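Chain naming here is simple, since letters A, B, ... match the order of the sequence lines and numbering starts at 1 in each. These numbers come from the heavy atoms of this one structure, side chains and all, not from hydrogens, waters or symmetry mates. Every value quoted in this text rests on a predicted model; they were computed, and no experiment measured them.
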Amino acid sequence: MSCIPIQNNIVTNDHKGTHMRFSQLLIPTLKETPAEAEVISHKLMLRAGFIRKLASGIYSYLPLGLKSIRKVEQIVREEMNNSGAQELLLPMVQPADLWQESGRWQKYGTELLRFTDRHDRENCLGPTHEEVITDLVRKNVHSYRSLPINLYQIQTKFRDEIRPRFGLMRGREFIMKDGYSFDATDSDAGKTYEKMNDAYHRIFKRCGLSFRAVEADSGTIGGSFSHEFMVLADTGEDTVVICTNCSYAANTEKAKAMESTMPENPELLPMTKIETPGKRKVKAVCNFLDIAPQNLVKTLIYVADGEPVAVLLRGDHEVQEVKLQNILGVDEVRLADDKETFDFAGTPTGYLGPVGLKLKIIADLEVARMVNFTVGANEKNFHMQNVNFGRDFEVDQTADLRMITADDSCPSCGGKLELPRGIEVGHIFKLGTTYSEALKATFLDDQGQEIPFVMGCYGIGVSRTVAAAIEQNHDKDGIIFPLPIAPFQVTLLNLSIKDEEITKAAESLYDEFLKLGIEVLFDDRDERPGIKFKDADLIGIPYRVTVGKSLTTEGKIEIRERKTGETFSVPLAETTSRLKQMIDSAMQSCQV
RNA sequence: CGGGGCGUGGCGCAGCCUGGUUAGCGCGCCUGCCUUGGGAGCAGGAGGUCGCAGGUUCGAAUCCUGCCGCCCCGACCA
């Protein structure tokens, strides 16, 4: 077979060839969903011929998938460049000694894919590039006069995920934009952070996505603050917390739960012990004793870096483990299993309580506000009622450690909260000097003092963004791409390639579209109309132009909008200008 | 890594429990006819070492053992 010319440079509208023909492109659409796919974006990307799996978490991008990815990349590039960042490309293979220097060779764990080359040198496949970029900058930037400097790349990353899943949503190999900034002072770094925050807003707006930036926990990376950019979609893995009244937005790891008000001068009833045979779960105990979960305190045993700690929480609340981890200042927390719980507390799970418990106890703030509540009696088949904080037991610490709920009010303004689902597509961090200190990356300031760079890092999951766009925009027939990141802006359907008049009109429209720089996928296949309609819907191209028998009968062409299903019947001669107008105005609405 | 499930033409599946000689079905693919505004119809055809390796048996897709791969639930993350 001869070489099929593939038009790659769609982003610059460089349509000189005539190869945007469906019949010439590799677009292997599927009627049925492969069994391996679970989430909607994965199913649709497989069915629409965007991707194919090579191995677990590793995918080939087919022409259509690549076009969407390139569109996102291009938007990212333009906005990064406009905000003063410079593009470069760092190595994917990285030597172990750099990682040893930063201490992450030990810390990073098995997610870091390590290998040895022929000279027995240890290397890894880059999952991120803090080490490499810091090394580059420390060797080449020595003066405050060169600052600030902001560098980014768009590259395939490899993380040997414990469990890859959801297609492009969490692959082992994925395309990411990662950027790193170097400033002379903390306040300059703050300005850079704001610039990046602004650029990220512009990027996702320009992608045509509905998203929110939320305050995030900066975790072990350190640094003062960070924001996650979440594409809102019902199928998202994460929950985000958004105030309906003010601008407050956070992820659940960060969202502060407000304390409720304590009843004034409550009457403290005498504590009593009650038999609760076989009642272990909150629900069972509440039903049995005819009390509300809000009047019960559950006691959970956690293992924090190997040490047991009892966590007290209102019956209807859930632990937010990241909060717990931060408060305890440990690297790992996990719920103890039944055996461990018994070993630590001497009581089977289900009957634990703080009264007389000889373990470190940490209580959620809300527990400190409760009166006359019910807890386990630390004895099988018994609970205690009318227990009171301070009178009947003491704790080592009280803190906010629960998951916020839709019943909570906004920690900032007290307004009503919403907890929609989201997909994390971007994350910006103010890093500070963590890496520059570890790697001794310093410069001379205007006083001649040698000080470490103040760093920031900024990531965008490019391939994930395409998946997230699909999770957010689809219907039963397939993908509904936002115009700015659709593989093509319009698909042109020749419904009858054997009809000379229709074919001639379709070919001339195709030429006109190309001349105007309209990105068009021309379905010139010798297929029945139904197949073309179904494929067009599946692939999700925003506009569809149909040349069929309505041309022969009334000289009309149909333009249809994928998203709304709205159709316009227009004369052949006006089709191109009308379409161009629709595209331009739709693109306009995504501009920033 | 722990728990659950699945590997049978390109895709979706049946057959396996209760071994039996040409391994089926739908879709897709190829040829011809026919059809042409929402995944048509008819006729013919190609395509499978039943994940791999052992074992049991006269005989294994089917029973046994080991291995590999993939998916789902949990901890990690753009």
Side-chain angles (χ1 to χ4, degrees), chain A residues 28-39 42-43 46-47 49 52-58 72 76 108-112 127-128 154-179 200 216-217 219-221 226 228-231 237-238 253 303 321-322 325 331-335 337 423-429 457-468 477-478 493-499 502 526-538 544 546-553 556 558 560 565 567 569:
Chain A
T29 59
L30 259 24
K31 267 191 190 176
E32 287 179 284
T33 308
E36 70 191 47
E38 189 72 14
V39 300
H42 190 195
K43 287 180 182 174
L46 286 169
R47 283 193 55 208
R52 285 294 183 266
K53 185 177 69 188
L54 179 63
S56 180
I58 301 179
V72 174
V76 168
Y108 215 91
T110 46
E111 209 175 288
L112 187 63
T128 177
I154 297 174
Q155 192 202 36
T156 296
K157 298 279 192 264
F158 193 94
R159 292 182 190 171
D160 201 358
E161 287 280 340
I162 301 164
R163 182 154 87 88
R165 54 184 140 173
F166 306 147
L168 289 197
M169 208 76 101
R170 183 176 309 197
R172 292 194 291 167
E173 197 178 282
F174 58 98
I175 299 173
M176 179 174 167
K177 187 286 296 185
D178 52 324
Y200 272 46
D217 183 74
T220 46
I221 296 185
S226 89
E228 288 174 345
F229 287 77
M230 313 289 292
V231 166
E237 277 191 275
D238 302 313
E253 296 172 358
V303 182
E321 294 188 356
V322 174
Q325 189 176 323
D331 293 330
E332 188 215 355
V333 295
R334 62 177 175 84
L335 199 57
D337 63 31
I423 299 162
E424 184 185 352
V425 291
H427 202 156
I428 58 178
F429 292 91
C457 83
Y458 319 95
I460 290 180
V462 172
S463 41
R464 180 186 277 186
T465 298
V466 174
D477 294 314
L493 270 44
N494 175 350
L495 284 198
S496 181
I497 63 165
K498 294 202 176 74
D499 182 302
I502 289 173
D526 184 11
E527 292 288 358
R528 298 164 53 79
I531 290 178
K532 300 191 178 191
F533 289 137
K534 287 291 183 187
D535 275 345
D537 285 348
L538 179 62
R544 187 183 83 192
T546 307
V547 188
K549 70 174 182 227
S550 57
L551 175 75
T552 334
T553 55
K556 294 285 185 62
E558 179 195 277
R560 180 185 160 99
T567 65
S569 193

Please report the distance, rounded to the nearest Å, between [atom1] in [X] and [atom2] in [N].
X        : N     : atom1 : atom2 : answer
A/Glu38  : B/C6  : CD    : P     : 15 Å
A/Leu46  : B/C71 : CG    : P     : 11 Å
A/Lys43  : B/C71 : NZ    : P     : 15 Å
A/Leu30  : B/G12 : CG    : P     : 8 Å
A/Leu551 : B/U36 : CG    : P     : 18 Å
A/Glu237 : B/C73 : CD    : P     : 9 Å
A/Ile428 : B/C77 : CD1   : P     : 18 Å

For [X], report the nucleic acid contact type (base, sugar-phosphate, nothing); a contact means any heavy atom under 4.0 Å.
X        : result
A/Ser496 : nothing
A/Gly461 : base
A/Asp537 : base
A/Glu228 : nothing
A/Glu161 : base
A/Tyr108 : nothing
A/Lys532 : nothing
A/Gly179 : nothing
A/Arg172 : nothing
A/Gly548 : base
A/Asp535 : base
A/Ala37  : nothing
A/Arg165 : base
A/Thr33  : sugar-phosphate

How about [X] and [Y]: do any of their side-chain heavy atoms sit closer than 4.5 Å?
X        : Y        : answer
A/Ile58  : A/Phe158 : yes
A/His42  : A/Arg165 : no
A/Arg544 : A/Thr567 : no
A/Thr33  : A/Leu46  : no
A/Asp238 : A/Met230 : yes

Of A/Glu424 and A/Val39, whose closest RNA chain B nucleotide lies nearer the 5' terminus?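 It is A/Val39 whose nearest nucleotide is closer to the 5' end.
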Between [X] and [N], is there a contact of a side-chain N or O with OP1 or OP2 at under 4.0 Å?
X        : N     : value
A/Arg528 : B/A40 : yes
A/Ser56  : B/G69 : no
A/Lys53  : B/C71 : yes
A/Arg163 : B/C72 : yes

Can you tell which of [options] lies closest to the side chain of [X]?
X        : options             : answer
A/Glu111 : B/C13, B/C76, B/C72 : B/C76
A/Lys534 : B/G38, B/C73, B/G37 : B/G38
A/Pro529 : B/U36, B/C1, B/A78  : B/U36
A/Leu495 : B/C73, B/C70, B/G37 : B/G37
A/Lys498 : B/U36, B/C76, B/G37 : B/U36

Listed by chain and number, what are the salt bridge (charged side-chain N to carboxylate O under 4.0 Å, His left out) partners of A/Asp178, not counting sequence neighbours?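 Listed in chain order: A/Lys157.
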I'd like to know if [X] reaches the base of [N] with its side chain, counting only an N/O donor and acceptor under 3.5 Å.
X        : N     : value
A/Arg47  : B/G12 : no
A/Ser550 : B/G37 : yes
A/Arg334 : B/A75 : no

Does the salt bridge (charged side-chain N to carboxylate O under 4.0 Å, His left out) test come out yes or no for A/Glu321 and A/Arg334, once each step is laid out? CA-CA 8 Å; A/Glu321 294 188 356; A/Arg334 62 177 175 84; over 6 Å; no
Hey, does the side chain of A/Arg464 reach the backbone of A/Leu168 with a donor-acceptor pair shorter than 3.5 angstrom?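 Here the side-chain-to-backbone pair does not exist.
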Under 3.5 Å: donor-acceptor pair, side chain of A/Arg172, backbone of A/Pro164: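 Flag not set: sc A/Arg172 to bb A/Pro164 has no pair under 3.5 Å.
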Would A/Phe533 count as stacked on B/G37 if the rule is ring centres under 5.5 Å and plane angle under 30°?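 No, A/Phe533 does not stack on the base of B/G37.
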If you measure from the C1' atom in B/G12 to the same atom in B/G38, how many Å do you get, rounded?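 Those two atoms are separated by 22 Å.
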Whether each nucleotide of nucleotides 25-34 of chain B has a protein heavy atom under 4.0 Å at its base (B), only at its sugar-phosphate (S) or at neither (-) is summarised, 5' to 3', as -BSS------
May I ask you to say whether A/Lys43 pairs ionically with A/Glu38, meaning some side-chain N is under 4.0 Å from a carboxylate O?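 Result for this pair is no, no salt bridge flagged.
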